[in-house]
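What follows is a set of notes on a single structure, which appears directly below.
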Amino acid sequence: MGHYKSNLRDLEFNLFEVFGRSEILGTGPFADVDEDTARSVLDEVNRLATGPIAESFEDADRHPPVFDPATHSVTMPESFKRSYQAWVDAEWWRLELQPELGGTPAPRSLVWAMAEMVLGANPAVWMFACGPAFARLLFELGTPEQKRFAEMAVERHWGATMVLTEPDAGSDVGAGRTKAVRQPDDTWHIEGVKRFITSAEHDMAENIFHLVLARPEGAKPGTKGLSMFLVPKYLVDLETGELGERNGVYVTNVEKKMGLKVSTTCELTLGEKHPAIGYLVGDAHDGIRQMFMVIEHARMMVGAKAIATLSTGYLNALDFAKNRVQGADLTRSGDKTAPRVTITHHPDVRRELMLQKSYAEAMRALVLYTATIQDQIQIAEFEGRRDEAAEALNDLLLPLVKGVGSERSYELLARSLQTLGGSGFLQDYPIEQYIRDSKIDSLYEGTTAIQGQDLFFRKVLRNQGAALGSLLGEINEFAGSEAGNGRLKVERGLLAEAAVEVKAMADTMAGWAISSMETPQEVYKVGLNTTRFLMALGDLVLSWLLLRQAEVALNALSASEKDKAFYTGKVAAASFFAQNVLPRLAAERRILAATGQDLMDLPEDSF
């Protein structure tokens, strides 16, 4: 039995019982994927994830990729190659693609449910296999020649990367110095050094194409001067499909990391040995907007990865707790003759397990709820219209998926390890690796601080609170309803109180932001609280989603005895979360309201 413990039952509960995906499957853009097909896909991906995909998880950590600086090449572990190939050969990734690329369009909710299992079993498999997703974007944005390149990339399973970060610029993407020099044949020579490039080199594909942000000579400074370029590892003859000469883009280092060691994180040098030939994507200088289409997909992936890891961490901890016999029941702790019990009988272990369960299941619901909003956007596009409200809500939710998902998952994985006691610190169990592998999630694709700033300044303030107001309106409507009847009355009251606290936080911060137009230092008070607001809004939304699940579960319990334990656990998790997490938001609001300038006025030497 491998390390990975999936939760297919909860995935299906969310998709079909809570979010009603049966209503859109088999219709409109998803005509070829009905509910039976979707369930079969999930069953098969579950089999792959718990079997061949998970098999190399430990071995590839202990025997990571080997980089040869002389040849700029990487040799991947054989065990991981088998896991990767199992996923590639299964071809479920085609559910992400347009029909023109050989795809069968499926709702994003089904794709991300499928992704959770792969990301929980062996996250680097999904990351190395991102070529089709990036080819989809290239096909959408590209010139006719680039569309042909995208077709070949899918047909021949080429790898792909997103190339933003530079050693000096870091998250300040607009400070990047990689430049692009236009050539007489309208190609470009790209020159610079990029850092932290995931999957930039490996030996599992004959070619890798890089989507590179660079600044054309003479372009304006900042992010608006950046363009996106297609830079393949090997040049390609688009007529014959033959690979041509080696392009001048080379990996010059592979980082040695705390975790996720099988994923190659690379320094990428362009144009040093010989020209790195690039092609302007879409023939338009629109790099930052184009790249954000990649970044948004990546942020969703990172959040899903973190949450998937917490889920299997919790389920491993639960399995251990159910089998670990230690100590007497607390009611008989003074009786030396009392029988020893499994540690699930101990109150603090139960508290820790329920905290893990409630967050893991709430954040799974957050990913899938966000994906259902993406379903709405897909349907609108198919019908030739825009659903601007859905787009704004998706924008609002993405920092929660990525920022809250990564922070809470890492925090709660420590509780999973704690459940195992000293055994959790050993490599005999997977949780120590989960913790090492998941720390990157709060750093990838914009740190938590960046997610908080993005949430407040871009998704709330710039949107004039419209999307946030709509979301809070839904939450308040639920809180004021008869959902769950008397059984959820206390919890709905706590939800309503928490919604008031979160709105007050947003209003206070908005007031500071407005005041900063006359007194610039007031913006510091906003900056001191953007992460606090991110996490508070996250907890509010998570509780709402758990209580929606509890309403469905109570109705199911009243209808039959089937799955009684599952549905009872749903109600218990929602109640526990509302009573143990939501009251903290009042304290967070008071802390925020009392924010002054003392911390920003403190001399640097005093830290």
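All values below were derived from every heavy atom in this structure, side-chain atoms included, with hydrogens, water molecules and symmetry-related copies excluded.
Summarising the local packing, CD of E272 is surrounded by 12 or fewer heavy atoms from other residues, nucleotides or ligands at distances under 6.0 Å. The 12-atom threshold is not exceeded at CD of Q418, counting heavy atoms of other residues, nucleotides or ligands nearer than 6.0 Å. Within a 6.0 Å sphere centred on NE2 of H346, other residues, nucleotides and ligands contribute more than 12 heavy atoms.
The distance from atom NE2 of H202 to atom OG1 of T161, rounded to the nearest 0.5 Å, is 9.0 Å. One distance of note links CD of E245 with CG of L235; it measures 5.5 Å at 0.5 Å rounding. One finds the OG atom of S406 at 9.0 Å from the CE atom of M363 (value rounded to the nearest 0.5 Å). Taken from CZ in R108 to CG in N394, the straight-line distance is 10.0 Å, to the nearest 0.5 Å. Atom CD1 of I435 sits about 10.5 Å away from atom CG of L310, to the nearest 0.5 Å. E267 CD to T252 OG1: the interatomic distance, rounded to the nearest 0.5 Å, is 3.5 Å.
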Let's go through E35 and R39 carefully: what are the C-alpha distance in whole Å and the side-chain angles of both, what is the deciding distance for salt bridge (Lys or Arg N to Asp or Glu O under 4.0 Å) to 0.1 Å, and is it a yes or a no? CA-CA 6 Å; E35 182 178 342; R39 289 183 182 273; 2.9 Å; yes

Evaluate ring-ring contact (aromatic ring centres under 6.0 Å, His included) for F134 paired with F209, printing each intermediate quantity in order. CA-CA 9 Å; F134 286 18; F209 64 96; 7.1 Å; no

What do the steps show when you test E17 against R9 for salt bridge (Lys or Arg N to Asp or Glu O under 4.0 Å), and what is the final call? CA-CA 11 Å; E17 297 178 64; R9 178 68 183 90; 3.1 Å; yes

Criterion side chain to side chain donor-acceptor pair (under 3.5 Å) on T37 and D34, from CA distance to verdict: CA-CA 5 Å; T37 302; D34 60 16; 2.7 Å; yes

R82 vs E78, test: salt bridge (Lys or Arg N to Asp or Glu O under 4.0 Å). Steps then yes/no. CA-CA 7 Å; R82 292 190 293 272; E78 289 300 320; 5.1 Å; no

In sequence, state the C-alpha distance, the side-chain angles, and the governing distance for T419 and E352, and then conclude on side chain to side chain donor-acceptor pair (under 3.5 Å). CA-CA 7 Å; T419 305; E352 292 277 281; 5.4 Å; no

Assess the residue pair F80 and F57 against the criterion (ring-ring contact (aromatic ring centres under 6.0 Å, His included)); give the C-alpha distance rounded to whole Å, side-chain angles, the decisive distance to 0.1 Å, and a yes or no. CA-CA 8 Å; F80 184 81; F57 179 73; over 10 Å; no

Q451/T531 under side chain to side chain donor-acceptor pair (under 3.5 Å): CA gap, chis, key distance, verdict: CA-CA 8 Å; Q451 301 305 315; T531 297; over 6 Å; no

Would you sort out whether E116 and K305 count as a salt bridge (Lys or Arg N to Asp or Glu O under 4.0 Å), showing the intermediate values? CA-CA 7 Å; E116 180 193 311; K305 170 189 173 300; over 6 Å; no

N46 vs Y4, test: side chain to side chain donor-acceptor pair (under 3.5 Å). Steps then yes/no. CA-CA 10 Å; N46 184 53; Y4 177 57; 5.7 Å; no

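Inter-residue side-chain proximity for E140 and K147 is flagged as unmet; no heavy-atom pair is nearer than 4.5 Å. The closest side-chain heavy-atom distance from L318 to L353 is below 4.5 Å. Under the 4.5 Å side-chain criterion, counting only non-hydrogen atoms from C-beta, W87 is in contact with W126. When side chains are defined from C-beta on, I197 does not count as touching M162, because their heavy atoms never get closer than 4.5 Å. A heavy-atom distance below 4.5 Å is not found between the side chains of L268 and V193. Side chains of L420 and I431 form a contact here, defined as non-hydrogen atoms less than 4.5 Å apart.
Counted by atom type alone, S311 and N7 present zero donor-acceptor pairs between their side chains at under 3.5 Å. Side-chain polar atoms of R62 and Q433 form a donor-acceptor pair below 3.5 angstrom. When only modelled atom types and interatomic distance are considered, E407 and T448 share a side-chain donor-acceptor pair under 3.5 Å. Of the N and O atoms on the side chains of E55 and S79, not one donor lies less than 3.5 Å from an acceptor on the other residue. Under 3.5 Å, the side chains of K194 and T165 contain no donor-acceptor pair of N or O atoms. Side-chain contact, Y567 with Q549: no donor N or O sits under 3.5 Å from an acceptor N or O. Side-chain atoms of D68 and S73 include no donor-acceptor pair closer than 3.5 Å. Side-chain atoms of T312 and N316 form a donor-acceptor pair, as typed in the model, at a separation below 3.5 Å. Side-chain contact, D43 with S40: no donor N or O sits under 3.5 Å from an acceptor N or O. For the residue pair S438 / D441, no side-chain donor-acceptor distance below 3.5 Å is found, with atom types taken as modelled. No side-chain donor-acceptor contact under 3.5 Å links T264 and E201.
Taking the six-membered ring where tryptophan is involved, the planes of F13 and F566 are perpendicular, since the angle between them exceeds 60° and thus also 30°. Taking the six-membered ring where tryptophan is involved, the planes of F128 and Y84 are perpendicular, since the angle between them exceeds 60° and thus also 30°. Note on ring orientation: taking the six-membered ring where Trp is involved, the planes of Y250 and H72 are tilted (angle from 30° to 60°). Ring-plane geometry between W112 and H297 is classed as tilted, the angle between the planes lying from 30 to 60 degrees on a 0 to 90 degree scale.
Taking the charged nitrogens against the carboxylate oxygens, D10 and K570 do have a contact shorter than 4.0 Å, which makes a salt bridge. Between E445 and K402, no side-chain nitrogen of the basic residue sits less than 4.0 Å from a carboxylate oxygen of the acidic one, so the salt-bridge criterion is not met. E361 and R364 are not joined by a salt bridge, as no carboxylate oxygen comes within less than 4.0 angstrom of a charged side-chain nitrogen.
Checked against a 6.0 Å centroid threshold, the rings of Y429 and F320 count as neighbours. In summary, the aromatic rings of H3 and Y434 are positioned with their centroids under 6.0 Å apart. Aromatic rings of Y444 and F196 (six-membered ring for Trp) have centroids beyond the 6.0 Å cut-off, not under it.
With hydrogens and angles ignored, the 3.5 Å screen pairs a side-chain donor or acceptor of S409 with a backbone N or O of G405.
A276 and G271 make their closest contact through CB-N, 3.6 Å (heavy atoms, listed as atom of the first residue, atom of the second, distance). Of all heavy-atom pairs spanning M152 and D237, the tightest one is CE-O, 4.3 Å. Of all non-hydrogen atoms in A86 and L48, the two that sit nearest each other are O-CD2, 4.3 Å. Across P52 and S83, no two heavy atoms sit closer than the pair O-OG, 2.7 Å. Considering all non-hydrogen atoms of both residues, D454 and P399 come closest at OD2-CG, 3.5 Å. Heavy-atom minimum distance, T370 versus L397: OG1-CB, 3.6 Å.
Looking at residues two or more places apart in sequence or on another chain, you find a side-chain contact (heavy atoms from CB on, under 4.5 Å) between N207 and W158, P232, K233, Y234, V236, L243.
For the pair K357 and Y314, the NZ or CZ position fails the cation-pi test of under 6.0 Å to the six-membered ring centre and within 45 degrees of the ring normal.
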